[in-house]
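Here the structure comes first, spelled out in structure tokens, and everything after it is commentary.
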Amino acid sequence: MRKWTKERILAGLKTGNEVAIAKALSLVSRDDSSAMEFMLELNRIIEQLGRMSKVVGITGAGGVGKSSLLAALAQRLLKCGKRVAILAVDPSSPKSGGALLGDRIRIQHLFPNANLFFRSFSTRGAVGGINPYILDAIYVLEAAGFDWVFVETVGVGQDEIDIVHVCDVTALVIAPGLGDDVQFIKGGIMELADIVVLNKADLPTVASTEGALLSYSRIVENPPDIVKVSAVNGLGISKLAQLLEEKWQSLRDSGELYSRRRRRWKFQVGNWSKYFLAKRLSALTDSDLEELDKYPPRVAAVKLFEDWGCRLYEN
Ligand SMILES: Nc1nc2c(ncn2[C@@H]2O[C@H](COP(=O)(O)OP(=O)(O)O)[C@@H](O)[C@H]2O)c(=O)[nH]1
Ligand SMILES: [Mg+2]
């Protein structure tokens, strides 16, 4: 068997080879300088081949049907000849332990399919909601030429907000029977989402959730588009696909896509910086700190930064 050299991985990525994608993902997840060189190669591919994926965040409470919806949506897009990648983010809390399994199971029937890629990520080790490696995974998938990259996150606190900084377009999924007020108002995501997807429209109880949603959207300054779907019977799925496409195109045409991507870049730089700082701090030993323990904590912290060659105050 031929060895998967860096050159072979890059060549495979250009053609969307599945093994090459998996190898590239494990390469970028290495916490060393080889990952950085590889990121630069990815950047070159993205620029040379003019690759740009439509990156869509799918968020919402556990059980609203995000994974089922993504399976239906992926099926629809694959039928139109599109290449689709799904990244499922697992908040790795014991409470939502089943979420990951559900994510994979709901997409399983669409495999094998060379145009579909699925990977789950843990948020463990992340500083703030989004694991920085997920950001690099999006890079890999973009270089691999996927038309659509979906990022599914279970809405737990900060994740919901952070997803907005990671994706081009964000859709909030809600469903009847999960406590309407909580779903709409929590964390202000309703104001941040581009599209609100009301799933499980096949259930009779959808009417009251729809009513609550409409009256809530009237009091929001920039109300999102609302689309009613059913992941189980397919109602509204093609309309949702169309809406996502239109939303993305209109963001690109207005230039907003580029400002969002700029914000995303800045967010990612910040996220990585926090990661590196946390890593460096946790590597400090008691003897490293010995010299500093005569100072009050804030002064000690400033001195620590000075030791690292970073002056926080002018004088
Ligand atoms: N009736 C109905 N049930 C659905 C629909 N979509 C998902 N479900 C069910 O809702 C449950 C949670 O779905 P899942 O996709 O795992 O939700 P997630 O946690 O948001 O990813 C499962 O039992 C699904 O079968 C739908 O459109 N209608
Ligand atoms: Mg799920």
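As the structure lists them, so they are numbered: ligands from 1, and atoms in each ligand from 1. Note that these values count all heavy atoms, side chains included, but never hydrogens, waters or copies made by symmetry.
- Under 4.0 Å is where a charged nitrogen must lie from a carboxylate oxygen, and between Glu47 and Arg44 no such pair does.
- Annotation for ligand 1: atoms under 4.0 Å from non-hydrogen atoms of Val64 are 20 (O).
- To the nearest 0.5 Å, atoms NZ (Lys200) and CG (Asn233) are separated by 13.0 Å.
- Taking distance alone, with nitrogen or oxygen atoms compared against 3.5 Å, Ala231 approaches ligand 1 more closely than that limit.
- With salt bridges taken as basic N to acidic carboxylate O contacts below 4.0 Å, one links Asp194 and Arg260.
- Judged by distance alone, the side chain of Ser254 and the main-chain N or O of Glu256 form a donor-acceptor pair under 3.5 Å.
- At a threshold of 2.8 Å, the Mg ion (ligand 2) has a backbone or side-chain N, O or S atom of Ser67 nearer than that distance.
- Ring geometry for Phe117 against Phe146 counts as tilted: the plane angle lies between 30° and 60°, on a 0 to 90° scale.
- Annotation for ligand 1: atoms under 4.0 Å from non-hydrogen atoms of Ser230 are 27 (O).
- The shortest N/O to N/O separation between Val229 and ligand 1 does not fall below 3.5 Å.
- When only interatomic distances are considered, the shortest N/O to N/O separation between Leu203 and ligand 1 does not fall below 3.5 Å.
- The CZ atom of Arg252 lies 11.0 Å from the CG atom of Asp168; values are rounded to the nearest 0.5 Å.
- Below 4.0 Å from some heavy atom of Glu152 lie the following atoms of ligand 1, by number and element: 21 (O).
- Contacts with ligand 1 closer than 4.0 Å are made by side-chain heavy atoms of Asn199 only, the backbone lying farther away.
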Exercise answer: donor-acceptor pairs, residues 16-28 side-chain atoms, under 3.5 Å, sequence neighbours excluded:
| residue | atom | partner | partner atom | Å |
| --- | --- | --- | --- | --- |
| Asn17 | OD1 | Val19 | N | 2.9 |
| Asn17 | OD1 | Ala20 | N | 2.9 |
| Ser26 | OG | Lys23 | O | 3.1 |

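- Of the charged side-chain nitrogens involved, none lies within less than 4.0 Å of a carboxylate oxygen, so that Arg311 and Glu306 do not count as a salt-bridged pair.
- Close approach to Lys66 involves these atoms of ligand 1, each under 4.0 Å from a residue heavy atom: 15 (O), 17 (O), 18 (P), 19 (O), 20 (O), 21 (O).
- Within Glu152, the N/O/S atom positioned nearest the Mg ion (ligand 2) carries the name OE2.
- A heavy-atom separation below 4.0 Å is found between Gly62 and ligand 1.
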